[in-house]
Trainee: 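One structure is given below, represented as C-alpha cells, and several questions about it will come after.
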Amino acid sequence: MCSRTSKNHNLKMKIKVQFFLAFTLFLALNFAKAQPFEFVNAFPNVSFSSPLYVTHANDGTNRVFVVEKTGSIKVLPNDSNTTDSRVFLNISDRTINGSERGLLGLAFHPNYASNGYLYVDYTRAGDGATIVSSFRRSSVDPNKADSLSELILLTISQPFSNHNGGIVFFGLDGYLHIGMGDGGSGGDPGNRAQTLTELLGKVLRINVDSVSGGNNYSIPPTNPFAQGGGRPEIFTIGMRNPWRISQDPVTGDRKSVV
C-alpha cells in the first residue's frame, strides 16, 4: 500500500516531467519558426571525397582548406562560384581510413603567413596509430604543402578503430591542442581516460615552437602535470572522444563536441 506522501510525490514528479516535455516542445517549435534554415552547397562547382573539416590559414589570402578523410587536403578560393580546387597536401599513402580513422584534423600555425607550418592528425596505415605531425608550405607554390617535410611530433597507439578523436587547433595561448579519444570499443574498457600515464581519453597541449626532453616539442609550464604526477602533455582528462573543440575568442572558454 502506498502512503499519501508517496502518492503526492509521484504526482508532483509526473507534473514536473510533463511540464518539462511541454516546455521543451514549446522551445523547439518556436525556435524552428524563428530560425528558418536551409542547406546550401557552398561550392557547387567543385567536389570532395569524404570531407570532414574546413578551415583557413589566417594569412590574408581568403582561401579555405577542406580536409578529406581519405588523406588529402584541398585548397580553394573562398568564392562560391570557384572551379579552382587544388590538392594542397596528399598523404593518403600513409593514412588508413574507415570507421573513425583517417585524416582527421588540420591546424595552421598562428604565424603561418611567415613560417609556413601546418599540423595534422591522422591514422597511420599499417598499425592504426594516431600520428600528429607538422608539414611545411612549399617554397615555390603557396597552394602546395611539401609532403616530404613531415616531422612527427606524437605517435599514439590505438587499441580499437573508433574514438580516435582527431581535432588539432591552436589556442589563444599559442599552444597546440590535440583531442584524443579514449581508445574505442565502448565504455572505455581499459579505463584509459582516467589513467594519467595514458595519452588516450585526454586533450593534450604542447608547445611546437621549442623542443625539450628529446621530443619535437616542449611542455607548457602551466600544464597540470608539467611537474609530475602524470604525462606532462595532458591538459584535460576524462574525455570520451573529443572530435571537435572550439575556444571562445573573448572568454577563452573551450567547448568540445564528442
Side-chain angles (χ1 to χ4, degrees), residues 41-126 128-156 158 164-171 176-181 206 208 216-217 242-246 257:
N41 189 341
F43 301 103
N45 301 315
V46 296
S47 61
F48 306 100
S49 174
S50 301
L52 53 73
Y53 191 60
V54 59
T55 188
H56 63 92
N58 197 31
D59 60 354
T61 60
N62 197 29
R63 297 174 298 168
V64 295
F65 297 80
V66 178
V67 176
E68 297 179 328
K69 188 169 180 279
T70 50
S72 293
I73 299 171
K74 298 285 183 62
V75 58
L76 58 154
N78 186 22
D79 176 1
S80 61
N81 296 315
T82 188
T83 59
D84 183 12
S85 173
R86 308 183 189 187
V87 176
F88 179 70
L89 177 66
N90 184 354
I91 55 171
S92 57
D93 61 333
R94 63 199 84 172
T95 303
I96 185 174
N97 75 92
S99 183
E100 296 175 9
R101 297 169 164 176
L103 177 55
L104 304 177
L106 165 66
F108 290 91
H109 193 282
N111 296 322
Y112 176 78
S114 57
N115 68 23
Y117 283 103
L118 58 134
Y119 300 80
V120 299
D121 180 307
Y122 68 91
T123 313
R124 183 167 64 188
T130 287
I131 302 296
V132 178
S133 61
S134 70
F135 288 87
R136 293 193 310 271
R137 180 180 58 221
S138 167
S139 60
V140 295
D141 185 351
N143 286 316
K144 287 282 188 183
D146 181 358
S147 62
L148 300 179
S149 66
E150 182 175 22
L151 176 67
I152 294 178
L153 305 179
L154 287 166
T155 302
I156 303 172
Q158 291 283 359
N164 278 202
I167 183 68
V168 286
F169 78 99
F170 282 91
L176 183 66
H177 295 59
I178 304 156
M180 292 300 305
I206 60 176
V208 299
N216 291 321
Y217 58 88
W243 167 242
R244 294 293 174 246
I245 301 173
S246 63
V257 177

Trainee: Side chains of Glu68 and Ser49: do they bring a donor and an acceptor to under 3.5 Å?
Mentor: no

Trainee: Measuring from Thr55:OG1 to Leu106:CG, what's the distance to the nearest 0.5 Å?
Mentor: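 Interatomic distance, Thr55 OG1 to Leu106 CG, rounded to 0.5 Å: 6.0 Å.
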
Trainee: Any idea which heavy atoms bring Val64 and Pro77 closest together, and the distance?
Mentor: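 Scanning both residues completely, I find the closest heavy atoms to be CG2-O, 4.4 Å.
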
Trainee: For Ser50 and Thr70: C-alpha separation, side-chain torsions, deciding distance, then whether side chain to side chain contact (heavy atoms under 4.5 Å, CB included) applies.
Mentor: CA-CA 7 Å; Ser50 301; Thr70 50; 4.2 Å; yes

Trainee: Could you tell me which non-hydrogen atom of Leu76 sits nearest to which non-hydrogen atom of Ser85, and how far apart they are?
Mentor: CB-CA, 4.2 Å

Trainee: Are the side chain of Thr123 and the backbone N or O of Arg101 linked by a donor-acceptor pair below 3.5 Å?
Mentor: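 No, the answer is negative, given that no donor and acceptor are paired below the 3.5 Å cut-off.
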
Trainee: Side chains of Met180 and Gln158: does their closest heavy-atom pair fall under 4.5 Å?
Mentor: yes

Trainee: Check whether any side-chain heavy atom of Leu52 lies under 4.5 Å from a side-chain heavy atom of Leu104, and answer yes or no.
Mentor: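 Yes, side chains in contact.
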
Trainee: Step by step, would you call Thr130 with Arg124 a side chain to side chain contact (heavy atoms under 4.5 Å, CB included)?
Mentor: CA-CA 6 Å; Thr130 287; Arg124 183 167 64 188; over 6 Å; no

Trainee: For a 4.5 angstrom cut-off between non-hydrogen side-chain atoms, does Phe108 reach His56?
Mentor: no

Trainee: CG/Leu176 to CG/Leu153 distance, rounded to the nearest 0.5 angstrom?
Mentor: 7.5 Å

Trainee: Asp93 and Asn90: which non-hydrogen atoms are nearest, and at how many Å?
Mentor: OD1-O, 4.4 Å

Trainee: When you measure from the centre of the six-membered ring of Tyr112, is the NZ or CZ of Arg137 closer than 6.0 Å and no more than 45° off the axis?
Mentor: yes

Trainee: I'd like to check Leu89 versus Ser147 (side-chain heavy atoms, cut-off strictly below 4.5 Å). Are they in contact?
Mentor: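 In short, these two side chains touch, coming nearer than 4.5 Å.
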
Trainee: For the CD1 atom of Ile131 and the OG1 atom of Thr155, what is their distance to the nearest 0.5 Å?
Mentor: 3.5 Å

Trainee: Would you say Ile73 and Val87 make side-chain contact, with heavy atoms under 4.5 Å?
Mentor: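 No, every pair of side-chain atoms sits at 4.5 Å or beyond.
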
Trainee: Arg63: which residues meet the salt bridge (charged side-chain N to carboxylate O under 4.0 Å, His left out) condition with it, sequence neighbours left out?
Mentor: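 Salt bridge (charged side-chain N to carboxylate O under 4.0 Å, His left out) list for Arg63, sorted by chain: Asp59.
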
Trainee: Return yes if some donor-acceptor pair links the side-chain N/O of Asn164 with the main-chain N/O of Gly166 below 3.5 Å, else return no.
Mentor: no

Trainee: Please step through side chain to side chain contact (heavy atoms under 4.5 Å, CB included) for the pair Asn111 and Tyr117, ending with a clear verdict.
Mentor: CA-CA 8 Å; Asn111 296 322; Tyr117 283 103; over 6 Å; no

Trainee: Taking the six-membered ring for Trp, are Phe170 and His109 closer than 6.0 Å centroid to centroid?
Mentor: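 Distance test on ring centres: under 6.0 Å, yes.
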
Trainee: Output yes when a side-chain donor or acceptor of Asn97 lies under 3.5 Å from a complementary backbone atom of Gly71, and no otherwise.
Mentor: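 Absent.
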
Trainee: So does Arg136 get a backbone contact from the side chain of Ser149, meaning a donor-acceptor N/O pair under 3.5 Å?
Mentor: yes

Trainee: Give, for atom OG of Ser133 and atom OH of Tyr119, the distance between the pair rounded to the nearest 0.5 Å.
Mentor: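 Separation between the atoms: 10.0 Å.
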
Trainee: Over 60° means perpendicular and under 30° means parallel, so tell me whether Phe65 and Phe88 are parallel, tilted or perpendicular.
Mentor: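 The arrangement is perpendicular - the two ring planes meet at more than 60°.
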
Trainee: Do Tyr53 and Leu103 have side chains that get closer than 4.5 Å, going by heavy atoms?
Mentor: no

Trainee: Does Ile167 reach the side chain of His177, with side-chain heavy atoms less than 4.5 Å apart?
Mentor: no

Trainee: Kindly give the heavy-atom pair with the smallest separation between Phe135 and Asp146, and that separation in Å.
Mentor: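 Closest approach of Phe135 to Asp146, heavy atoms only: CD2-O, 3.4 Å.
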
Trainee: So do Asp121 and Ile178 actually touch side chain to side chain, heavy atoms under 4.5 Å?
Mentor: yes

Trainee: With a 4.0 Å cut-off, would you call Arg86 and Asp84 a salt bridge?
Mentor: yes

Trainee: Mark yes or no for whether Ser138, through its side chain, and Val140, through its backbone, hold a donor-acceptor pair below 3.5 Å.
Mentor: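 Side chain of Ser138 to backbone of Val140, a donor-acceptor pair under 3.5 Å: yes, one is there.
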
Trainee: Tyr122 and Val120: which non-hydrogen atoms are nearest, and at how many Å?
Mentor: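 Looking at all heavy atoms of both residues, the shortest contact is CD2-CG2, 3.9 Å.
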
